[in-house]
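FYI, the numbering just counts along the sequence from 1. Atoms within a ligand are numbered from 1 in the order they appear, just like the ligands themselves. Side chains included, hydrogens not; waters and symmetry mates left out as well; all remaining heavy atoms used.
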Amino acid sequence: MSSLEDLPLRDDLRGEKPYGAPQLDVPVQLNTNENPYGPSPELVRALGDAVAAAAGELNRYPDRDAMALRAGLAAYLSAESGVDLDASRVWAANGSNEIILQILQAFGGPGRTALGFEPSYSMHPTITKVSNTRWVNAFRDSDFGLEAERAVTAIAEYRPDVVFLTSPNNPTGTALDHDAIKAVLDVAPGMVVVDEAYGEFRREGTPSALELLAGNPRLIVTRTMSKAFALAGARLGYLAADPAVLEALLLVRMPYHLSTVTQAVARTALSFSGELLGYVGRLREERDSTVAWLRAEGFKVADSDANFVLFGEFPDRDAVWRRMLEAGVLIRVVGPPAWLRVTVGTPEEMAAFRDALKESV
Ligand SMILES: *Cc1c(COP(=O)(O)O)cnc(C)c1O
């Protein structure tokens, strides 16, 4: 057996660590922002039928451009946001992580720069580096927001080819208002990506960047079926953008990247969107009561427009995390050094979380 050091690995990957959120078999899993509500028996049956039908065609390559799925996603997005979209403006891939990779393959690369404001989604810098693009962190404000003027200054300084804005932001839960996004669009010399993986969980009155697509051909809004649609296992991410952006992505995507099975599963889930998104309301309520409870217990809590809550501050957060795990509750060590993140689960799971936290601090 050889060791990694002996292999002719790319120099810029030496010493890098792979993505590794713990996947542990514990009773209460509140660490990767999954949706706790699994599919109903009706949906399971419909998914089985759709996969069986797809199985009969597996000797053929899938629809390379996933037209039917993209039309379904566009119809869903139009209904959700009130913004008129069709398949020519919606693109899909294996999770929004693959969407982000395709964006960087098309608009980043050697000699180019991507800029983001951390703490934010760790995969933005990771995928940036994997695509051989330089990463610049311009930092969020101390309240985890992003003041338009400071964002503009950072963009003027670094002239990035790609800007990442995450709204609602992971791991803080913070949503951006249109002012900050518009200010970035006004000055950014390249593409502006607004990652709305948690868009459906935003609170009443919080806008979506989809509303800014008209007249902004360099804006890309990414979404995923992993969180609100409770479909993390199926791997389906998507984006909305100007049709010219999709032309660019066609240059870098692998042919037939979305399998026939994935397309069938995602289309079936879309036809059950009423059921799947029915749980979003419950999760938003549970999120708000979790925020209120943590504050009443004296913790610092970031306002959240997502399906998780960032709270602190702990002089030794690793010790708290470990004690919680021993009590059967898995949360996440992520974000600023003294904070922890908990994904919003079922009422029973959140009761277990509250009990475990009280015993662990
Ligand atoms: C979970 C998450 C994603 C989603 O990833 P998938 O590959 O679609 O599962 C994207 N962006 C952010 C900010 C996330 O937290």
>> With side-chain contact (heavy atoms from CB on, under 4.5 Å) as the criterion, how do Val245 and Met191 come out once you've worked through the C-alpha distance, each side chain's angles and the decisive distance to 0.1 Å?
In response: CA-CA 9 Å; Val245 174; Met191 304 302 296; 3.8 Å; yes

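Not a single heavy atom of Asn33 sits closer than 4.0 Å to an atom of ligand 1.
Summary of contacts: the protein heavy atom closest to atom 1 (C) of ligand 1 is Lys227 NZ, 1.3 Å. Given atom 15 (O) of ligand 1, the protein heavy atom at minimum distance is Tyr198 OH, 2.6 Å.
At least one N/O-N/O distance between Ser226 and ligand 1 falls below 3.5 Å.
Contacts of Ser96 with ligand 1, taken as heavy-atom pairs under 4.0 Å, involve both backbone and side chain. By the criterion of a heavy-atom distance under 4.0 Å, the side chain of Asp195, and not its backbone, is placed next to ligand 1. Heavy atoms of Arg235 found under 4.0 angstrom from ligand 1 belong exclusively to the side chain.
Those atoms of ligand 1 that come under 4.0 Å of a heavy atom in Thr166, given as number and element, are 13 (C). Those atoms of ligand 1 that come under 4.0 Å of a heavy atom in Thr224, given as number and element, are 6 (P), 8 (O). Atoms of ligand 1 lying under 4.0 Å from at least one heavy atom of Ala197, given by number and element, are 2 (C), 3 (C), 10 (C), 11 (N), 12 (C), 14 (C).
Ring geometry for Tyr61 versus Tyr256: interplanar angle under 30°, hence parallel rather than tilted (30 to 60°). In this pair, Tyr76 and Tyr238 present their aromatic rings perpendicular. The plane angle is above 60°, beyond the 30 to 60° band.
Considering every non-hydrogen atom in both Ala209 and Leu219, the closest pair reads O-CD2, 3.6 Å.
Between Arg295 and Asp303 there is a salt bridge, since at least one side-chain N of the basic residue sits less than 4.0 Å from a carboxylate O of the acidic one.
Taking hydrophobic clusters as Ile, Leu, Val, Met, Phe, Trp and Tyr residues chained together by side-chain heavy-atom distances below 4.5 Å, Leu146 shares a cluster with Val221.
Two residues are said to be in side-chain contact when any heavy atoms from C-beta on lie closer than 4.5 Å; Val309 and Phe299 fail this criterion.
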